[in-house]
Amino acid sequence: LHLEDDPDDARLVAHVLKNFGFTCQIVRATTQTEFLAALQAGEFDIILSDYSVPSFDGLSAVAAAQRLRPLTPILLVSGMMGEEAAIEGLKSGATDYVLKHRLDQLGPALLRALRESQERADRERAELALRESEERFKSSFEYAAIGMAVVGLNGSFLQVNKSLCDIAGYSEMELLSKTFQDISHPEDLDKDLNLMQQMLHGEISNYPLEKRYLHKSSRVVWVLLSVSLVRGADGAPLYFISQI
């Protein structure tokens, strides 16, 4: 989308882009009304805006683009823009600016803006996928029919679900103030700790164990425990996932 009221300048910009190797469809707007209508009607890879057209200016164009197409990069292309105006444009949200007597810089500036826009879109997609993954894990964790816990390397409960609270007889806050050692039967603790050490040393990847918990009411509860270890990208242990 190109906001430019001068037809000669518009043709020159199109010529420069073609010579630089861009194959593009340019939608030209010459007024504020046409510019806003184009923003509302279509998706654009990039927006070029003159700094001054009749009854409209570059900063207003940037503001409108930020409001209607916040993910689309916008370049100010002007023949009359001082350093202060350029800085103000960048502060307002413009990606870059190019002076009309230096249109040899337009191609590189446009490529840079498109690359940064793609990188930003990729980051946002990755962040969205991560949030969705975390939400799925949270839901499957919280509503699992079996007890589940995220356990720190020292044995402290970092996350617990309702099923585990029901098994052990403690509230969520009570369990989060304890370690699994606190609720384990003393006679079963050494075997559990030994298996944890084997997993930390890479000798085993997970382990099942029949063991006893000490219920809050002091009665003994037999459980079948399955533990796996989560490691970081560098291979360092992060925490345990326990299913009970």
Side-chain angles (χ1 to χ4, degrees), residues 45 70-73 95 111-244:
D45 294 309
L71 300 181
T72 305
T95 307
L111 275 179
R112 184 167 56 250
L114 289 174
R115 183 177 64 250
E116 291 174 355
S117 175
Q118 183 62 52
E119 290 172 351
R120 183 172 61 251
D122 290 343
R123 283 196 304 273
E124 290 177 354
R125 278 194 295 270
E127 290 169 358
L128 176 61
L130 178 61
R131 288 195 298 272
E132 291 175 345
S133 176
E134 289 173 342
E135 283 299 316
R136 285 194 298 271
F137 174 78
K138 182 179 179 182
S139 295
S140 61
F141 183 94
E142 290 181 350
Y143 300 111
I146 62 171
M148 295 192 69
V150 177
V151 181
L153 301 182
N154 64 349
S156 59
F157 287 113
L158 304 178
Q159 283 182 261
V160 295
N161 70 350
K162 183 179 183 301
S163 293
L164 180 57
C165 293
D166 292 342
I167 290 170
Y170 291 97
S171 69
E172 180 181 357
M173 292 306 297
E174 287 172 329
L175 272 184
L176 292 178
S177 67
K178 295 181 178 296
T179 66
F180 83 87
Q181 295 94 318
D182 293 331
I183 67 169
S184 294
H185 194 288
E187 294 178 7
D188 298 336
L189 189 54
D190 284 346
K191 187 173 183 180
D192 203 350
L193 291 172
N194 288 336
L195 289 168
M196 282 181 59
Q197 288 302 313
Q198 291 181 47
M199 196 156 50
L200 286 170
H201 293 150
E203 298 169 8
I204 56 175
S205 58
N206 55 70
Y207 68 87
L209 177 66
E210 285 190 65
K211 63 176 289 186
R212 288 164 287 183
Y213 279 156
L214 299 176
H215 193 274
K216 184 179 179 180
S217 66
S218 299
R219 65 185 176 89
V220 171
V221 180
W222 278 96
V223 299
L224 177 59
L225 172 69
S226 179
V227 181
S228 55
L229 177 63
V230 177
R231 295 180 182 273
D234 59 355
L238 297 178
Y239 51 83
F240 298 101
I241 299 289
S242 297
Q243 301 177 71
I244 303 99

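Values reported hereafter were calculated over all heavy atoms of this structure, with side chains retained and with hydrogens, waters and symmetry mates removed.
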Practice item. Work out which heavy atom in Leu153 is nearest to a heavy atom in Pro237; give both atom names and the distance. Key: CD1-O, 3.6 Å

Exercise for review: Identify the heavy atoms of Phe157 and Ile183 that sit nearest to each other, and give their distance.
Suggested key: CZ-CD1, 3.8 Å

Check your understanding: When rounded to the nearest 0.5 angstrom, what is the spacing between NZ in Lys211 and CG in Leu224?
Key -> 11.5 Å

Exercise for review: Please check if any side-chain donor atom of Thr179 sits under 3.5 Å from a side-chain acceptor atom of Asp182, or the reverse.
Suggested key: yes

Revision key, fill the gap. Here the pair of heavy atoms bringing Cys165 nearest to Ser171 is SG-C, 3.9 Å

Point to revise | Heavy-atom pair of closest approach, residues Phe141 and Val160 | key: CE2-C, 3.6 Å

Exercise for review: Report yes or no: does Gln181 contribute a side-chain atom to a donor-acceptor pair with the main-chain N or O of Asn154 at less than 3.5 Å?
Suggested key: yes

Review point. So do Thr72 and Ser117 actually touch side chain to side chain, heavy atoms under 4.5 Å?
Key: no

Review point. Between His185 and Glu187, is there a donor-acceptor pair closer than 3.5 Å when you use the side chain of the first and the backbone of the second?
Key: yes

Exercise for review: Using distance alone, with no hydrogens and no angle criterion, decide if Asp122 and Gln118 have a side-chain donor and acceptor under 3.5 Å apart.
Suggested key: yes

Review point. Hey, is CG on Asp45 packed in by over 12 heavy atoms from elsewhere, all under 6.0 Å?
Key: no

Point to revise | Pairwise distance CG(Leu164) to CE(Met148) - rounded to 0.5 angstrom | key: 10.0 Å

**Study point:** Rounded distance [0.5 Å steps], CD in Glu142 versus CD in Glu172
**Key:** 8.0 Å

Check your understanding: What is the minimum heavy-atom distance between Val150 and Ile241, and which atoms define it?
Key -> CG2-CD1, 3.8 Å

Review point. Hey, what do you get for NZ (Lys162) to CD1 (Ile167), rounding to the nearest 0.5 Å?
Key: 10.5 Å

**Study point:** 4.5 Å side-chain heavy-atom contact, Phe240 and Ser228
**Key:** no

Check your understanding: Do Ile146 and Ser163 touch side chain to side chain, with heavy atoms closer than 4.5 Å?
Key -> no

Review point. So, Arg212 side chain and Pro186 main chain: donor-acceptor pair closer than 3.5 Å or not?
Key: no

**Study point:** Residue among Val227, Ile244, Leu193, Leu175 satisfying side-chain contact (heavy atoms from CB on, under 4.5 Å) with Phe180
**Key:** Leu193

Check your understanding: Looking just at side-chain N and O atoms, do Asp192 and Tyr207 make a donor-acceptor pair shorter than 3.5 Å?
Key -> yes

Point to revise | Spacing of Leu238 atom CG and Leu229 atom CG [to the nearest 0.5 Å] | key: 7.5 Å

Revision key, fill the gap. From the list Glu135, Arg131, Arg136, side-chain contact (heavy atoms from CB on, under 4.5 Å) partner of Ser133 resolves to Arg136

Point to revise | Crowding at CZ, Phe137 (>12 non-hydrogen neighbours, <6.0 Å) | key: yes

Check your understanding: Between CD of Glu134 and CD of Glu132, what distance do you get to the nearest 0.5 Å?
Key -> 10.5 Å

